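Naming convention: chains lettered A, B, ... in sequence-line order (proteins, then strands); numbering from 1 in each chain. Because the structure is predicted, anything quoted here is derived from the model rather than measured.
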Number of protein chains: 2
Amino acid sequence: MSQLLSGRVRAQSLVDVVTQRLEEAIMSGEFAPGSRLSEHALATSLGVSRGPLREAIRRLEGRKLVERTPNIGVHIAVLSLKDLADLLIVREALEGMACRLAAERMTDEELSGLDQLLEEHGEQESVRAGTGYYQEGRDFDFHFRIVKASGNAQLIQMLTGDLYDLLRVYRYKSSTLDGRAAKAFQEHKAVVAALKSRDPDKAEAAMRLHVRNARMHVATRMVTEEPVIPAPKRQGARAETPPSKQRIVRL
Amino acid sequence: MSQLLSGRVRAQSLVDVVTQRLEEAIMSGEFAPGSRLSEHALATSLGVSRGPLREAIRRLEGRKLVERTPNIGVHIAVLSLKDLADLLIVREALEGMACRLAAERMTDEELSGLDQLLEEHGEQESVRAGTGYYQEGRDFDFHFRIVKASGNAQLIQMLTGDLYDLLRVYRYKSSTLDGRAAKAFQEHKAVVAALKSRDPDKAEAAMRLHVRNARMHVATRMVTEEPVIPAPKRQGARAETPPSKQRIVRL
DNA sequence: CCGATCTCTATTGTCAACAGTTTACATCTT
DNA sequence: AAGATGTAAACTGTTGACAATAGAGATCGG
């Protein structure tokens, strides 16, 4: 029997499809944080009835991506800068642990893959100059690989399945601007060096330092610009415009 | 105006009530891991229609407490011993971080509260003898307080709102039996001592050691008893009996 | 002109019926 | 008798209709 026809196929319910679409819309920023979702408008827009749509929303509710107020409606999750800082602390703990585990379990192939990735990073002049930031997703890819290499399914799920999503809602780019790019690049190299040495303590420390430094950048901004989000008006089709202008946080 | 009448009250939708009921049923072990839920039977049993019930289930799905297979049904989450060990590693990372934060932020009142809690623990002869285990929820209370004292909303949510739930599904009691009670008690005292010293590094290290020791107990069992859960038959009213006998893990 | 109350409309919450799929069982074939 | 095939029952997926609620604007009284 052909390889292509081996695995069992399963129907994808409308809820699954709708969930994915909503996820994408939230991640991409099409639905801004704080904006309200109209069930009727969204359902017709997606071409499904309200039932599956509501179920999809409930699933996102369980993942804290949206919040429902009874008889009022659902709003895309809003993260305060305090929330963002808190999330980055969680990230520090989890990625530190992931890096520790990776130091023990990572294969030599995966390690050389990281090396190559860093080499490509280094060739970007923007990084060398210290002015620009990593190409979209490059820094993410670096972290992603290490987390995956931890071999801890729960850790992988929590980071790549939940936490990264939440950070993305906030348009959070993890290492950029302000001359941090060059520094972040050095930190990445330190992480890889620690991984190569197979020293769990060093690996965890290096990764935590890296994430912590990124967090510090947020901390310095917290005093200046805590956003005040006015309660959005009702009405409005599809998804409303953001209550305040889209916040882009880089660091 | 009275204090009791200040906060705004919100209607609790059927979905909210049903979600809570399901949660309790799963936590209490009334629905064993791996057992299937019949929508029709459950709905009539709860006195609601399938709509709200399905939405409640979707929410639990987002929290990974249940798993749905299209056109087949939903099953209570099943955690392998590998999953349990992985979860405890995550817990080590998160509670370690929580303890670090608590060392800096905990008030003196909270600290003396911990002292008192430990004193009560010490008076239990079962602990002193090293044979019994902590009274139900006592060890949990200890960890709970420290996590709360971290002041990190995300950390609190992930631990007390998600991770502890998952562990409870597994009937996981965190420090018991096998003479570990006395040792766990000593470890608790070390944690409090570190908190009192206001030394973040020490506090994190003490908590991580404590959680890690608990994890080691699980690790020793992993080789012997990975459960084989046979695919449960269809049919059956309400909730089916567990596919294999209820697993009680203590350590 | 201001405030309280009422009414109406848009929106969410809930339900019951219908459609599609899966699984078990009976039947037929070899 | 063993395997394949058809059939029916039970279940999940989806829908559209109906009930209940909240918020905005109109109306009335001071």
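One atom, CZ of A:R59, and another, P of D:dG13, lie 10 Å apart when rounded to the nearest Å. Between the CD atom of B:E61 and the C1' atom of D:dG13 there is a distance of 13 Å, rounded to whole Å. Atom-to-atom, NE2 of B:H40 to P of D:dG13 comes out at 15 Å; the value is rounded to the nearest Å. Straight-line distance from the CG atom of A:L53 to the P atom of D:dG16: 14 Å, rounded to whole Å.
A:R54 has a carboxylate O that lies under 4.0 Å from a charged side-chain N of A:E39, or vice versa, which qualifies the two as a salt bridge. Salt bridge annotation for B:R63-B:E23: present, with a cationic side-chain nitrogen under 4.0 angstrom from a carboxylate oxygen. A salt bridge is defined here as a Lys NZ or Arg NE, NH1 or NH2 lying under 4.0 Å from an Asp or Glu carboxylate O, and A:R100 with B:E92 fails to meet this definition. Note on B:D16 versus B:R59: salt bridge recorded, some NZ/NE/NH1/NH2 to OD/OE distance being below 4.0 Å.
Shown are A:L65, A:L84, A:V90; of these, the side chain to side chain contact (heavy atoms under 4.5 Å, CB included) with A:L166 is made only by A:L65.
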Distances for protein N/O vs nucleotides 13-17 of chain C N/O pairs under 3.5 angstrom?
residue	atom	partner	partner atom	Å
C:dG13	OP1	A:N71	N	3.3
C:dG13	OP2	A:R54	NH1	2.5
C:dG13	OP2	A:R54	NH2	3.3
C:dG13	OP2	A:R68	NE	3.2
C:dG13	OP2	A:R68	NH2	2.8
C:dG13	N7	A:R50	NH2	2.9
C:dG13	O6	A:R50	NH1	3.1
C:dT14	OP1	B:L14	N	2.6
C:dC15	OP2	B:S49	N	3.2
C:dC15	OP2	B:S49	OG	3.0

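The closest donor-acceptor contact from the side chain of A:D86 to the backbone of A:D83 lies at 3.5 Å or more, if one exists at all.
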